[in-house]
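Here's the structure we're looking at; comments come further down.
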Protein chains: 2
Amino acid sequence: MAGNGRPTVTIRDVARAANVHVSTVSRALDPDKQRLIAEATRNRILEVVQELGYRPHRGASGLRRGQTRTIGVVVPDLGNPLYAPFLRGVARALDAAEFMPLVTDTEDDHDRLVRILRHLEERRVEAVITTAAREGDLALLQELRAAGTEVVLAVRTLSESGLPTVPHDDVLGGRLAVEHLLELGHRRIAQIRGPLDVEPFRARSEGAEQALAAAGLAEVGFAPPATSPTVAEGERHTLELLAACGDAPPTALFVQNDLLALGALSALRCRGLRCPEDVSVVSYNDAFFSAYTQPALTTVRLPAYEIGFAAGRLAVRHVEGQDADPVASVAPQLVVRASAAPPRDDA
Amino acid sequence: MAGNGRPTVTIRDVARAANVHVSTVSRALDPDKQRLIAEATRNRILEVVQELGYRPHRGASGLRRGQTRTIGVVVPDLGNPLYAPFLRGVARALDAAEFMPLVTDTEDDHDRLVRILRHLEERRVEAVITTAAREGDLALLQELRAAGTEVVLAVRTLSESGLPTVPHDDVLGGRLAVEHLLELGHRRIAQIRGPLDVEPFRARSEGAEQALAAAGLAEVGFAPPATSPTVAEGERHTLELLAACGDAPPTALFVQNDLLALGALSALRCRGLRCPEDVSVVSYNDAFFSAYTQPALTTVRLPAYEIGFAAGRLAVRHVEGQDADPVASVAPQLVVRASAAPPRDDA
DNA sequence: TTGAAAGCGTTACCAG
DNA sequence: CTGGTAACGCTTTCAA
């Protein structure tokens, strides 16, 4: 077992050294059963444990108990700063219940997701929390659940999937973003979209369109949705959009996440357009760097830590069989910084 | 075992359904032993496996085999964008050997590190790769190794620890950073330092001092080392430094990592100092956002993916008993962008 | 309060 | 080529 030769201490070694039966050691070390054994015996055992440096083998114990106390957490891209606070939230929620997260990223690749889920099944994780779901993955996730692994959706939710979900209202978020631009006086507004088969991006588009429609406006210009929400894609699509708009560029952009927005800012500079003087930008997520771009990003905050925490709790609940009590939807919130300002008079 | 009631399929179920002994099933599924069994039997078994949706229980198999094929990866802060590519590198290296990384972050807290290492021991990870080591953690890591878990150090190395390490030359990196500033013509150079008990930061300081000394200069101004390398600390320390310098601020800053640099840029703006016109900045790591700050950061690149990959390979080697062949040190590289320029004439 | 024995799901060894 | 048996490290039931 040990990587470098030293023989690992087992419960039997402890039993022998303490002159008791292994079952006594087991009980002495189990918080639920310590009270069944004599104070003196227990102390002797604890001493020996200390002395020998015994570490209970969770794998073995789990095998016997039929549990692993492990929950798989599958994110699309660890490089997306959104997921650091998310994962911290999950970890906190699992800590409390003595579960451990097993984190992997799919690199937004379906085949990798398939392999990862299979692997997690073989490791007998008791639940999978995923923020990597695209629409085409629904069947896969439902099979996983049918095979006995709890599944919890967060961030990238799939409505109507019937799977336990941490809800958050991206339609509202999209509306907030565009309403802010409208209030500033913008009339020529475009969007830089994330992938269409990812629900939050679709929802943000929908919210944006609602707000535009309510103001009697339509989206200006056209950029196809990004295939993945990355800086490079944001830059590319913004350049495309600007090219397509020719001499009548939009005065404002709703960019559907912070990574895309970083690319958008870069593209604007590249085309000699100042932000926010020439083009305003509102983005989404409020990742840590949003406050430090130039100009600082006005953005809709997605409370990633809180969502992670809720997802962790939800997963634990389900694993422990206390289903139900749905999680309250966390509300998006507009964070006003410098990247969106009123349009110039001549615009 | 299963979270939601469905009985889990075991190897016995497969054996029964295929009319063979469990050991036959085991062999049929083991790549090293399939050739020992009849083609026909094997096919029958495979069919049944398919039909029943059998997933081998890695925990059980590992218990018997005395291995977990798991390697703990301990980073200080998942929020530091440096670690996304690092972790991807590790994952790639482990994939190849069918190991799985078990990732945790210490939040740069010693007690958390202690708890995490204990937990990883109980999970019988076969090695621990850590980038979270501070100097005071050396004994802890050596105990871990003595108890039979391989330990690999990366990024935050500990020279003279005798532990397997992925080396990288931060003294050189620090020198490169300051030499660049000197070549641009700067003479009044200050540093914003990371924590002193973290080797890379100390090395960067040393390199910087070497470069200054070679030019017959000394560091200007004073800021105590940050307690942790975060944006907030970078901002705070830069403000302190500027305050301490009064009317003779440095014309250039070597800021020891990108997160600190984000804070430093913010502090400069806050004090009405333009970068690079009034104060140049060279930073370290080249995290993904460095190219997108305003101005874009001139920085020394730490090849995080490569280091992660090397760390993963090294860990696997050690676990598999093929010790030795030390890893080549990866060289730091100056990435010139916009945040460092020649000082103004009157400076 | 403690001991004995069985078993969790798997693989390794020994027979045949 | 296949079957039986024991064992990995632990917990749990049953008895004492």
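Quick caveat: nothing in here was measured; it's all calculated off a predicted structure. The figures that follow rest on heavy atoms only: side chains count, while hydrogens, waters and symmetry mates do not. Per chain, numbering begins at 1; letters A, B, ... match sequence-line order.
Ring orientation note: the planes of B:Tyr83 and B:Phe86 are nearly perpendicular, at an angle over 60° on the 30°/60° scale.
Taking atom CZ of residue A:Arg65 and atom P of nucleotide C:dG9, one finds them 16 Å apart after rounding to whole Å. The distance from atom CD of A:Glu126 to atom P of C:dC8 is 18 Å, rounded to the nearest whole Å. Taking atom NE2 of A:His21 as the reference point, atom C1' of C:dA6 lies 11 Å away to the nearest angstrom. In this structure, CG of B:Leu63 is placed 14 Å from P of C:dC8, rounded to the nearest angstrom. Distance, A:Gln67 CD to D:dT11 C1': 11 Å, rounded to whole Å. Taking atom CD1 on B:Ile11 and atom C1' on D:dG3, their separation rounds to 13 Å, with Å as the unit. Atom CG in B:Asp30 sits about 14 Å away from atom C1' in C:dC13, given to the nearest Å. The nearest whole Å value for the distance from the NE2 atom in A:His57 to the P atom in D:dA7 is 18 Å.
Of the side-chain N and O atoms in B:Thr24, one or more sit less than 4.0 angstrom from OP1 or OP2 of D:dG3. Between D:dC8 and A:Arg12, a contact under 4.0 Å exists linking OP1 or OP2 to a side-chain N or O. Taking 4.0 angstrom as the limit, B:Thr41 places a side-chain polar atom (N or O) nearer than this to OP1 or OP2 of D:dT2. Regarding contacts with the backbone of C:dT1, every side-chain N or O of A:Lys33 stays at 4.0 angstrom or more from both OP1 and OP2. A sub-4.0 Å separation between OP1 or OP2 of D:dT11 and a side-chain N or O of A:Ser26 is present.
Under the 4.0 Å criterion applied to side-chain N and carboxylate O atoms, B:Arg115 and B:Asp109 are not assigned as salt-bridge partners. Using a 4.0 Å cut-off between a side-chain N of Lys or Arg and a carboxylate O of Asp or Glu, A:Arg156 and A:Asp197 do not qualify as a salt bridge. Comment: A:Asp32 does not engage A:Arg27 in a salt bridge, judged by the lack of any side-chain N to carboxylate O separation of less than 4.0 angstrom. Under a 4.0 Å N-O distance rule, the pair B:Asp95/A:Arg112 qualifies as a salt bridge.
In this structure the side chain of A:Leu153 reaches within 4.5 angstrom of the side chain of A:Ser161, judged on heavy atoms. Residues A:Met100 and A:Leu94 fail the side-chain proximity criterion, which asks for heavy atoms closer than 4.5 Å. Between A:Ile307 and A:Val330, the closest side-chain pair of non-hydrogen atoms falls below 4.5 Å.
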For B:Asp13 and B:Arg16, what are the C-alpha separation, side-chain angles and deciding distance, and is it a salt bridge (charged side-chain N to carboxylate O under 4.0 Å, His left out)?
CA-CA 5 Å; B:Asp13 301 317; B:Arg16 202 170 308 130; 3.5 Å; yes
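Each of B:Ala60 and B:Ile37 has a nearest nucleotide on DNA chain D; the 5'-most of these lies closest to B:Ile37.
In the set C:dA5, D:dC10, D:dG4, the nucleotide with an atom closest to the side chain of A:Ser23 is C:dA5. Of the candidates C:dT1, C:dC8, C:dA12, the closest approach to any side-chain atom of A:Ala38 belongs to C:dT1. Comparing C:dC13, C:dA12, C:dT2 by their nearest atom to the side chain of A:Arg27 picks out C:dT2.
Between the side chain of B:Arg64 and the base of C:dT10, no donor-acceptor pair of N or O atoms lies under 3.5 Å.
Proximity of residues 44-54 of chain B to DNA chain C (heavy atom under 4.0 angstrom from any strand atom) is restricted to B:Tyr54.
Crowding of B:Arg313 atom CZ: a count of heavy atoms from other residues, nucleotides or ligands under 6.0 Å not exceeding 12.
Remark on the helix from C:dT1-D:dA16 to C:dG16-D:dC1: inter-end axis angle 40°, axes from five-pair C1' superpositions, rounded to 10°.
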